[in-house]
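Naming: A, B, ... by sequence-line order, numbering from 1 per chain. Everything quoted here is computed from the prediction, not taken from an experiment.
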Protein chains: 2
Amino acid sequence: MLKFKPIKQTRVSEEVAEQLKQSILSGEFRSGDKLPSERELMEEFQVSRVAVREALRFLEKSGFIETRQGASGGAFVIELSFENLTHAFLDLFLADKISIPELCNVRLLIEPEVARLAAENITDEYKKKLNDILELEDEPVKSLSDDIDVKTLAHGVLAEICGNRFLEALVKSLMRVTRKVIEEVNPNTLSMHPAGMHRPIVEAVIRGDAEQAAEAMRKHAIEFGEIMIEMEQKYREELGLDTIKRQRV
Amino acid sequence: MLKFKPIKQTRVSEEVAEQLKQSILSGEFRSGDKLPSERELMEEFQVSRVAVREALRFLEKSGFIETRQGASGGAFVIELSFENLTHAFLDLFLADKISIPELCNVRLLIEPEVARLAAENITDEYKKKLNDILELEDEPVKSLSDDIDVKTLAHGVLAEICGNRFLEALVKSLMRVTRKVIEEVNPNTLSMHPAGMHRPIVEAVIRGDAEQAAEAMRKHAIEFGEIMIEMEQKYREELGLDTIKRQRV
DNA sequence: AATAGTTAAACATTAGACCAATAGTCCTCC
DNA sequence: GGAGGACTATTGGTCTAATGTTTAACTATT
């Protein structure tokens, strides 16, 4: 009894994209390198330029390359970032596959651990940076955007300190999503919480007190979560939507 | 002094994609609906067919639509899944932006909490399902693939029970990445750990014992992490690569 | 020396044609 | 009357060729 393999029907552009992706991942092309021009690729792969372009768009959306127009332009390999992670989170959120409480509870789970690790791995260099952040946070803010920038900074730096790049990417992505949510739901309010609210966390990290850092972050995350949930309920009331049930970890 | 706004230069296909995406997110097109054909969209947007196609490829890659060929084919809106999340994780991994220890440590952080929540939210219906899983795990396995399938099942169901769709998506994505890593690094070994190893976790969840469930999962995650790290080191030795330093949470 | 114009390389977009897959219709031949 | 096959229309997939746009480097002019 012969067993036939099903014909896999793939798009030309997908095969091209796959080969290029492998080339990049294998190190044949490194960050900063320029891929061959569309016309060269077209000859090499023996496909039309349209196919090459679709493949390049795919790689671009995946975050592997960027394309520049004009002379000395082309497709350049770039360092893969966690941009895609952020987009994936954001899309899930926009499509109502994730709610604000669910988002906040995940942050509540992750961020205290990040603070704990940061306290354990803190270096003198980062101590200085954290001190600068404390000063920044005490200054009066001008706009919501600036405010979020500063508030974001503390979490981001802690994530960098924690020594786990995966956690770092997760935290930074979650922060960006949170930011987008705030901007959409509450674009007019200047600030939702008093200045210097990260002080207890940051100070504990600087001291190297892991337990205290985790506990302070936990408190902060809970408080922040409450604010977010309230904010959303008010928003939904304004729009006449159903309010949703609270959920806690 | 007049202030000019810089000309925003966006690709045609991106604008088309953006408008279509908004239409989908706003509910104008729902899951299962068919978007207009490429030729219709081309007339409506007043752009070329190539531009429309690039936009559709983007939406397809983002997980919003799928395209079918032939008569009564076209671009159909589908339910957004966490597929993208998985790809984002996997790409970061393939590009060496995430290591196995980092991955395992994140799982070690998340999964015990999932087990705890599952124990708190367990229903009779899921109790039955978990009992079935226990039976399945006791059976002898035939292939690595089947083995992973079964092992994966327990984690996945717990994630479903936990009541936080974001956590569920994260856990399932992390599992898929883990699976890919195992398949790449250790394609020949049948099983890495004894059958029925999820029993303590699942039983605790069925009992509704949150603390015990979390603790059992923690133990399992640590054990599993050790195995993964060993497996990788052996793999790297075989290939003559540098071994990497252990890292723990 | 600074500015303005020119050119060439590369991506961006368009138009039109043809191929391939698929569902429905119709038609012929038992 | 029914089954199988041929035909057709629709729709995505791909290709070719031409033109537009952007950019950097070069050149000429004042």
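- Paired with Leu59(B) under the rule side chain to side chain contact (heavy atoms under 4.5 Å, CB included), one option of Val77(B), Ile65(B), Val16(B) passes, and it is Ile65(B).
- Where Leu56(B) and Gln69(A) each meet DNA chain D at their nearest nucleotide, the meeting point lying more 5' is that of Leu56(B).
- Inter-residue side-chain proximity for His155(A) and Arg107(A) is flagged as met; some heavy-atom pair is nearer than 4.5 Å.
- Side-chain atoms of Arg68(B) and base atoms of dG12(D) include no donor and acceptor less than 3.5 Å apart.
- Residue Lys34(A) contributes atom NZ, which lies 16 Å from atom P of dT23(D) at whole-angstrom precision.
- Two rings, from Phe93(B) and Phe166(A), have their centers 6.0 Å or more apart.
- For the pair Glu40(B) CD and dG12(D) P, the interatomic distance rounds to 9 Å; values are reported in whole Å.
- Glu44(B) CD to Met42(B) CE: the interatomic distance, rounded to the nearest 0.5 Å, is 13.0 Å.
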At a cut-off of 3.5 Å, list every protein nitrogen or oxygen paired with a nitrogen or oxygen from nucleotides 13-15 of chain C, distance to 0.1 Å.
residue, atom, partner, partner atom, Å
dT13(C), OP1, Val12(B), N, 2.8
dT14(C), OP2, Ser48(B), N, 3.2
dT14(C), OP2, Ser48(B), OG, 3.0

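- Within the 4.5 Å cutoff, the side chain of Leu170(B) has heavy atoms near those of the Phe89(B) side chain.
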Identify all pairs in which a protein N or O lies below 3.5 Å from an N or O of nucleotides 8-10 of chain D, and state each distance.
residue, atom, partner, partner atom, Å
dT10(D), O2, Ala71(B), N, 3.1

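- The structure places CG of Asn131(B) at 11.5 Å from CG of Leu136(B), a figure rounded to the nearest 0.5 Å.
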Practice problem: Using a 3.5 Å limit on both pairing distances, list the dot-bracket string of DNA chain D from the 5' end; Watson-Crick and G-U wobble pairs count, crossing pairs take [ ], interstrand pairs take |. | Solution: ||||||||||||||||||||||||||||||
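- A side-chain hydrogen bond (donor to acceptor under 3.5 Å, both in side chains) with Ser13(A) holds for exactly one of Glu54(A), Glu18(A), Arg57(A), Arg53(A); it is Glu54(A).
- Figure legend: cation-pi geometry between Lys61(A) and Phe58(B), with NZ or CZ positioned under 6.0 Å from the six-membered ring centre and within 45° of its axis.
- Distance, Phe45(A) CZ to dT14(D) C1': 16 Å, rounded to whole Å.
- Contact check for Phe82(B) versus Arg176(B): side-chain heavy atoms found under the 4.5 Å cut-off.
- Counting non-hydrogen atoms of other residues, nucleotides and ligands closer than 6.0 Å to NZ of Lys34(B) gives a total above 12.
- Leu109(B) has its side chain within reach of Leu167(A): a pair of non-hydrogen atoms, C-beta onward, lies under 4.5 Å apart.
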